[in-house]
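Because only heavy atoms are used, hydrogens play no part in the values below, and waters and symmetry mates are left out as well, while side chains stay in.
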Amino acid sequence: PYGVAVDTENNLVYIADKSNNVVRVVNRLTNIITTAIIGLNSPERVELDSASNLIYVLSSFYNQIRVFNRTSGTLSTFAGTGVYSFSGDG
């Protein structure tokens with residue numbers, strides 16, 4: 001695993017599985033591991049918002065931050081184009 005994040009209730013552990021291009025989730029109450037997010041490109045780090053509703057996933061190799069909304073089930077690009085470049089400071 002590359003990045004690990006724990007939800008606000010300390011029940012769910014999210015793991016960036018870079019080799020398989022997914023984010024896994026471990027339920028600490030049941031010890032069951034499932035796939036939380038698919039369709040990623042080399043995820044390296046995961047972070048949660050303060051309510052654990054949004055999961056941010058960093059892929060520095062693909063120059064993107066993706067965000068997964070647990071409520072709606074949608075995955076979208078939060079930052080980056082997927083292409084290495086520099087467009088200024090702001």
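- Across Asp17 and Asn20, no two heavy atoms sit closer than the pair OD2-ND2, 3.0 Å.
- Residues Pro43 and Ala16 share a closest heavy-atom pair of O-CB, 3.7 Å.
- The line from CD of Gln64 to CG of Leu58 is 10.0 Å long, rounded to the nearest 0.5 Å.
- For Ser59 against Ser42, the heavy-atom pair with the smallest separation is OG-O, 3.5 Å.
- Of all heavy-atom pairs between Asp49 and Asn53, the closest is OD1-N, 2.7 Å.
- Follow the hydrophobic side-chain contacts under 4.5 Å out from Ile65 and you never reach Tyr2; the two are in separate clusters.
- The hydrophobic cluster containing Val23, built from Ile/Leu/Val/Met/Phe/Trp/Tyr side-chain heavy atoms closer than 4.5 Å, also comprises Leu12, Tyr14, Val25, Ile37, Leu40, Val46, Leu48, Ile55, Val57, Phe68, Leu75.
- Within the model, atoms CD1 of Ile32 and CG of Asn27 stand 7.0 Å from one another, a figure rounded to the nearest 0.5 Å.
- Note that the CG atom of Asn63 and the CG atom of Asn41 stand 11.0 Å from one another [nearest 0.5 Å].
- Under the ring-ring contact (aromatic ring centres under 6.0 Å, His included) criterion, the residue pairs touching residues 19-66 are Tyr56-Phe78, with sequence neighbours excluded.
- Looking at Ser52 and Arg70, their side chains come closer than 4.5 Å, going by heavy atoms from C-beta outward.
- In terms of heavy-atom proximity, Ile38 sits nearest to Thr35 at CG2-CG2, 3.5 Å.
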